[in-house]
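See structure below.
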Amino acid sequence: MTQMAAGWYPDPEMAGTVRYWDGAAWTESAAPAPTQAPAGTISPVHAYRAISRLLAILGVLAMFGGIGLGFVASEAVSMFFLVGGFLSVGVGVLVWVLRPRVQRAG
């Protein structure tokens with residue numbers, strides 16, 4: 001008969017939980033069973049990356065638009081796009097800096 005290695009396994013007595021097997025017997029340590037995200041969902045880390053990139057790209061485009069509009073539109077319109085672009089890039093960088101960190105095992 002094969003001995004099970006120590007580790008977390010589905011609790012044989014309580015559905016929806018995992019229990020620690022020490023290699024010889026079940027311990028008192030139990031926890032809710034991990035759940036998987038539904039297919040098609042995005043992790044918070046990837047969402048923060050996508051949002052920060054989008055804000056940075058829109059900001060850079062707005063800044064170039066403001067520079068271009070400076071040649072054909074009023075100064076106020078040009079400044080609106082330049083300031084909006086800088087704010088968008090700044091918020092994008094802030095979102096990137098404050099994004100959740102992924103815990104690495106090991």
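We number each residue from 1, following the sequence as shown.
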For Tyr20, look at atom OH and say whether over 12 heavy atoms of other residues, nucleotides or ligands are found less than 6.0 Å away. yes
With a 4.5 Å cut-off on side-chain heavy-atom distances among I, L, V, M, F, W and Y, is there a chain of contacts connecting Leu54 to Phe81? no
Can you see which heavy atom on Ala62 is nearest to which on Gly85, and at what distance? CB-CA, 3.7 Å
Is any side-chain heavy atom of Met63 closer than 4.5 Å to a side-chain heavy atom of Phe86? yes
Derivation and outcome, side-chain contact (heavy atoms from CB on, under 4.5 Å), residues Val18 and Asp11: CA-CA 5 Å; Val18 291; Asp11 190 334; 6.0 Å; no
Following the transitive rule for hydrophobic clusters with a side-chain heavy-atom cut-off under 4.5 Å over Ile, Leu, Val, Met, Phe, Trp and Tyr, establish whether Val77 and Phe80 coincide in one cluster. yes
When rounded to the nearest 0.5 angstrom, what distance separates CG in Leu82 from CG in Leu87? 11.0 Å
Just wondering, are more than 12 heavy atoms of other shown residues or ligands nearer than 6.0 Å to CZ in Phe64? no
Has Ser88 got a side-chain atom pairing as donor or acceptor with Leu55's backbone, closer than 3.5 angstrom? yes
CG-CE distance between Asp22 and Met4, expressed to the nearest 0.5 angstrom: 10.0 Å
Ignoring hydrogens and angles, tell me if any N or O in the side chain of Arg19 forms a donor-acceptor pair with the backbone of Pro10 under 3.5 Å. no
Tyr9 ring center near Trp21 ring center (under 6.0 Å): no
